[in-house]
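Structure, as structure tokens:
Side chains are part of it too, since the values below use all heavy atoms of this structure and drop only hydrogens, waters and symmetry mates.
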Protein chains: 2
Amino acid sequence: MKTYSITEAAEHFNMTPHTLRYYDKEGLMPFIERTSSGRRVFKEADMEALKIIECLKSSGMPIKEIKHFIEWCSEGDSTLQQRYDMFLERKASVEAQMEELKKTMEVIEHKCSYYKTALDSGTEDIHKTKKVTGF
Amino acid sequence: MKTYSITEAAEHFNMTPHTLRYYDKEGLMPFIERTSSGRRVFKEADMEALKIIECLKSSGMPIKEIKHFIEWCSEGDSTLQQRYDMFLERKASVEAQMEELKKTMEVIEHKCSYYKTALDSGTEDIHKTKKVTGF
DNA sequence: GCTTGACTTAGAGTTAACTTTAAGTAATAT
DNA sequence: ATATTACTTAAAGTTAACTCTAAGTCAAGC
């Protein structure tokens with residue numbers, strides 16, 4: 001079975017070995033095994049767990065809460081409901097973020113055309129004078 | 001013309017007066033006028049500027065860069081191109097964030113159905129045994 | 001006239017998520 | 001055998017964006 005060193009794992013997720021050690025220290029990776037000399041060995045299952053950690057992180061979840069999820073995972077079936085609820089919450093949160101970004105995008109696009117018009121006429125004053133063509 | 005106290009302005013944007021003073025201190029609001037006793041007076045134009053500041057902030061722009069934009073605004077037409085370019089950049093950044101969120105959403109939705117299935121069968125093992133019905 | 005509450009300032013403190021440092025061990029390359 | 005590189009730990013430092021504290025001013029209500 002393929003395994004990864006900390007550097008390989010870090011490269012795979014576009015982060016530094018430092019960050020992976022930090023995650024481990026914060027309790028996000030209690031499952032990682034070590035070689036006899038103490039080095040971390042990342043297995044496929046660990047890479048899969050890292051993928052979920054990354055996903056939760058990009059959904060805006062703080063590391064301390066991700067840690068709770070990891071703990072639930074090692075507690076087995078008794079925490080299935082919590083874990084399901086957590087992902088439903090994440091889903092709602094990401095949906096809200098998407099909505100927020102849409103609103104932000106509307107304002108930005110408005111400003112893009114505002115500055116396009118200003119640039120074409122050479123001055124921002126075009127938006128104050130509201131020139132009417134044809135007179 | 002309607003004006004707002006710092007508390008009214010803060011409420012309007014769902015932040016605290018502290019935060020508005022912090023923005024002012026960081027150079028985001030060089031346009032704010034004061035009463036004879038030194039209190040900030042927020043005019044309609046200031047509220048409009050705050051709306052843009054909020055928009056840039058939700059697009060992920062750090063306060064120091066927003067400050068540059070504010071400086072460009074007071075430099076007049078000579079900075080129109082920079083400001084236009086900046087909003088184009090913001091647009092690209094928000095589009096990228098939306099893409100990222102979409103990918104995150106896919107993983108989350110997958111996990112939602114994973115845990116739904118597990119809950120229905122009472123155990124997470126259902127995903128390991130890959131039970132085939134009909135045999 | 002005095003209290004209350006909103007405002008002012010400068011500056012210190014907080015929090016999250018790294019990021020760096022220092023000091024050391026282990027495995028690999030020449 | 002030695003130099004380089006990858007790894008280990010504990011702990012301090014960094015950064016952004018607030019957030020709070022202390023000490024004080026000012027205007028309105030009773």
Side-chain angles (χ1 to χ4, degrees), chain A residues 3-43 46-47 49-70 90 93 97 100 104, chain B residues 3-43 46-47 49-70 90 93 97 100 104:
Chain A
T3 60
Y4 304 78
S5 74
I6 195 168
T7 305
E8 287 166 339
E11 271 164 10
H12 190 273
F13 289 101
N14 207 31
M15 45 172 82
T16 67
H18 280 308
T19 306
L20 281 179
R21 279 187 213 107
Y22 163 71
Y23 285 178
D24 195 11
K25 201 182 75 183
E26 294 301 306
L28 259 50
M29 319 183 72
F31 38 77
I32 292 288
E33 289 175 15
R34 306 283 189 119
T35 65
S36 56
S37 59
R39 294 186 185 187
R40 291 168 187 83
V41 177
F42 291 75
K43 302 180 297 300
D46 303 330
M47 300 299 270
L50 263 180
K51 184 185 151 190
I52 301 303
I53 288 171
E54 277 290 87
C55 164
L56 291 174
K57 215 158 55 80
S58 12
S59 84
M61 198 176 210
I63 279 174
K64 283 185 181 173
E65 282 177 46
I66 299 179
K67 187 187 169 178
H68 293 150
F69 167 69
I70 298 292
R90 283 297 94 203
S93 166
Q97 288 174 60
E100 175 77 13
T104 300
Chain B
T3 60
Y4 304 78
S5 73
I6 196 167
T7 306
E8 287 166 340
E11 273 165 7
H12 189 273
F13 288 102
N14 207 28
M15 45 173 82
T16 67
H18 280 308
T19 307
L20 281 179
R21 278 186 213 108
Y22 164 71
Y23 285 178
D24 194 10
K25 201 181 75 183
E26 294 301 307
L28 258 51
M29 320 183 70
F31 38 77
I32 292 288
E33 289 175 16
R34 305 286 188 117
T35 64
S36 56
S37 59
R39 294 184 184 187
R40 291 170 187 82
V41 177
F42 291 75
K43 302 182 297 300
D46 303 330
M47 299 299 271
L50 264 179
K51 185 185 151 189
I52 300 303
I53 288 171
E54 277 290 87
C55 164
L56 291 174
K57 214 159 55 79
S58 12
S59 85
M61 198 178 211
I63 278 175
K64 281 184 182 174
E65 282 177 45
I66 299 178
K67 187 186 169 178
H68 292 150
F69 167 69
I70 298 292
R90 283 298 94 201
S93 166
Q97 288 174 59
E100 176 77 12
T104 300

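The shortest heavy-atom contact between B:A10 and B:L20 is N-CD1, 3.5 Å.
The backbone N or O of B:S59 lies less than 3.5 Å from a partner atom in the side chain of B:R90, making a donor-acceptor pair. The closest donor-acceptor contact from the side chain of B:E65 to the backbone of B:P62 lies at 3.5 Å or more, if one exists at all.
Atom CD1 of B:I53 is separated from atom C1' of D:dA17 by 14 Å (rounded to the nearest Å). Following rounding to the nearest Å, A:N14 (CG) and C:dC18 (P) show an atom-to-atom distance of 13 Å. At whole-Å resolution of the value, CD in A:E8 and C1' in D:dA6 are 11 Å apart. Rounded to whole Å, the distance from CG on B:L56 to C1' on D:dA16 is 17 Å. Distance, A:K67 NZ to C:dA16 C1': 15 Å, rounded to whole Å. The distance between atom CE of A:M61 and atom P of C:dA17, rounded to the nearest whole Å, is 11 Å. Summarising the geometry, the separation between CD1 on B:I6 and C1' on D:dC26 is reported as 15 Å, rounded to the nearest angstrom. When the C1' atom of D:dT8 is taken as reference, atom CG of A:L20 falls 14 Å away, rounded to whole Å.
For A:R39, taking side-chain heavy atoms from C-beta onward, the closest of the listed nucleotides C:dA26, C:dT8, C:dA16 is C:dA26. For B:Y22, whose side chain is taken as the heavy atoms from C-beta onward, the closest listed nucleotide among D:dC18, C:dA17, C:dA16 is D:dC18. Closest contact between the side chain of B:P62 and the listed nucleotides C:dA17, C:dT21, D:dA17 involves D:dA17.
Listed pair B:R34 / C:dT9 meets the phosphate criterion, a side-chain N or O lying under 4.0 Å from OP1 or OP2. In this model, the phosphate group of C:dC18 is approached by a side-chain N or O of A:Y23 to a distance below 4.0 Å at OP1 or OP2. Contact check, B:S37 against D:dA27: a side-chain N or O comes under 4.0 Å of OP1 or OP2. Distances shorter than 4.0 Å separate some side-chain N or O of A:K57 from OP1 or OP2 on C:dC18.
Separation of atoms CD1 (A:I53) and CD (A:E26) is listed at 12.0 Å; rounding is to 0.5 Å.
No side-chain donor-acceptor contact under 3.5 Å links A:E54 and A:S58.
As judged by a 4.0 angstrom heavy-atom cut-off over every strand, B:T16 is placed among residues making no nucleic acid contact. Residue A:R21 is classed as a base contact, given a heavy-atom separation below 4.0 Å to a base.
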